[in-house]
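So you know, we letter chains A, B, ... as the sequences are listed, proteins then strands, and number each from 1. All values below come from the heavy atoms of this structure, side chains included, with hydrogens, waters and symmetry mates left out.
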Protein chains: 2
Amino acid sequence: MIEERSADPTPADAPPTGAGLRERKKHATRVALRRAALTLAVERGPEHVTVDDIAAAAGVSPRTFFNYFASKEDALVGEHTERFAAFRELLLARPDDEPPLVAVGAAVAEYLRGIELDREVWALRRGLVERHPELLPRVLGANANAERELAHAIAERAGLAGAGAEDMYPTLVAAVTITAVRVAMLRAACTDTERAPADVVSEAFAALAAGLPAPSRG
Amino acid sequence: MIEERSADPTPADAPPTGAGLRERKKHATRVALRRAALTLAVERGPEHVTVDDIAAAAGVSPRTFFNYFASKEDALVGEHTERFAAFRELLLARPDDEPPLVAVGAAVAEYLRGIELDREVWALRRGLVERHPELLPRVLGANANAERELAHAIAERAGLAGAGAEDMYPTLVAAVTITAVRVAMLRAACTDTERAPADVVSEAFAALAAGLPAPSRG
DNA sequence: TAAGAAATTGCAGCGTCTGCAAGATTCGAC
DNA sequence: GTCGAATCTTGCAGACGCTGCAATTTCTTA
């Protein structure tokens, strides 16, 4: 209940093609379970969906569900964390002389552009969280790990040795980054649906880098 | 499991004195339960403490536990949210011409100075989260509600009508604020133990308002 | 002190999640 | 192809979290 590890450190983008049959089946099951979970949750509301329902809809036994996800919520909103695995490299690839927030913002934008594949699942998840704000804390909580990862990467990039312990700066930038991305994504999903998420995120980072000047007061 | 409401909207600082015997007993029970939960969790680790244990240590029945807290975690880390209730007024009391981040930072600092009462419980909780990072997501998640409250307050203060929907700005400032407070508190708790938390928070806000300039690279 | 309000408790029950030990499936080497 | 090893799936039993309900006890108030 309190533990929050992933049941399986499989990367989110496991290759649908290539590799052995085993891998393909596993990936298919994982996708089926997640889709089933999201679809059912959208239909009935998360609290009216049991693990048994999800497993049945995905065509596996209830016990198998827990071979893929550590918890019911994990199947619904737990994907985000996994995504940040590759992010670190994107960040470290930015030119050395860029200010931290700019580099991070650029890396994030790049990262987002590479994501636009799972549109479908993301749309499901977005609608779900919109209709059921109870899930929001879980989503935010899931970012905690990503944040620590990012803090390490930032410290590394800035040439600070020990990560975060002796300097608040990397931690702060990491936290603010995750926050900005989150807010911008929400914004992009809810209001600015016509704009590319990456653009909205860029805007948020621009505002941050400028010290959050007040907009015109109305 | 997914629901995240409080079992009881009792203010965190219920009057230990005054009022009837009933109120005093309720407050005592609440405190006893929280203390028991924290103490046991620190001793054995959260996952090795059952609700039955907590109830027994507090001298009430297991069923009664759930009359006071919606979940086990709520007893451990759920207090934070309640605290933000009064924050809004502090913010709205700041002079109108202050830049948003400055006003928010000042309000936060003020708010923190008023908190230094529960030192004991806070220390317990801090040590607990430090030793058991699994709890961190829950703590962060608990801030989600506070964040929305704050966004509303900021929008109100900035004179923006509808809260957050049509402008990303208040949401962003609110999110960044909660984030900064969180990081600064962590910092104050872990490293800068000699400095007042309020000071560390102020520093974090100064960095934010300055657009997060890079520290000297080493 | 008696009626009424509110808190405590036990119980029955659903749902989440885990460990364990079978049984089925895939893989790699021959 | 075949066989053994590695891996996945599944059922089962059970601990634990959490809830509704109804009976009982404790406080309040008139």
From CZ of A/F65 across to P of C/dT18 the rounded distance in Å is 11 Å
Nearest-Å distance for atom pair CG/C1', residues A/D74 and C/dG15: 17 Å
Expressed as a whole number of angstroms, how long is the span from B/K26:NZ to C/dA5:C1'? 12 Å
For the side chain of A/S71, counting heavy atoms from C-beta on, which of D/dC8, C/dG19, C/dC17 is nearest? C/dC17
Just jot down the side chain to side chain contact (heavy atoms under 4.5 Å, CB included) partners of A/P62, sequence neighbours excluded, or say none. A/D52, A/A55
Are the side chain of B/T64 and the backbone of B/V60 linked by a donor-acceptor contact shorter than 3.5 Å? no
Spell out, as yes or no, whether a donor-acceptor pair under 3.5 Å connects the side chain of B/H48 to the backbone of B/R44. yes
Would you tell me if any nitrogen or oxygen in the side chain of B/K72 comes within less than 4.0 Å of OP1 or OP2 on D/dC18? no
Taking only side-chain N and O atoms of B/Y68, does any of them lie within less than 4.0 angstrom of OP1 or OP2 on C/dA7? no
Bend angle of the helix from C/dT1-D/dA30 to C/dC30-D/dG1, end axes from five pairs each (to 10°): 30°
Which nucleotide sits closest to the side chain of B/T50: D/dG17, C/dT8, C/dC17? D/dG17
What does the B/S/- profile of nucleotides 23-30 of chain C look like, 5' to 3', with a 4.0 Å heavy-atom cutoff to protein? --BBS---
Hits for side chain to side chain donor-acceptor pair (under 3.5 Å) against B/T39, two or more places apart or cross-chain, chain-then-number order -> none
Does any residue of residues 55-62 of chain B have a heavy atom under 4.0 Å from DNA chain C, and if so, which ones, in number order? B/V60, B/S61
Which nucleotide, D/dC8, C/dC17, D/dT9, lies nearest any side-chain atom of A/E73? C/dC17
Determine whether the side chains of B/D74 and B/S71 contain a donor N or O and an acceptor N or O closer than 3.5 Å. no
A/R63 CZ - C/dG15 P separation (whole Å): 18 Å
Testing D/dG11, D/dT9, C/dT8 for proximity to the side chain of B/T64, the answer is C/dT8
Between C1' of C/dT16 and CG of A/N67, the distance in whole Å: 15 Å
To the nearest 0.5 angstrom, please state how far the CZ atom of A/R157 sits from the CG atom of A/L92. 8.0 Å
May I have the distance from A/F66 (atom CZ) to D/dC8 (atom C1'), rounded to whole angstrom? 17 Å
Please name all residues satisfying salt bridge (charged side-chain N to carboxylate O under 4.0 Å, His left out) with B/R94, sequence neighbours left out, ordered by chain then number. B/E98, B/E110
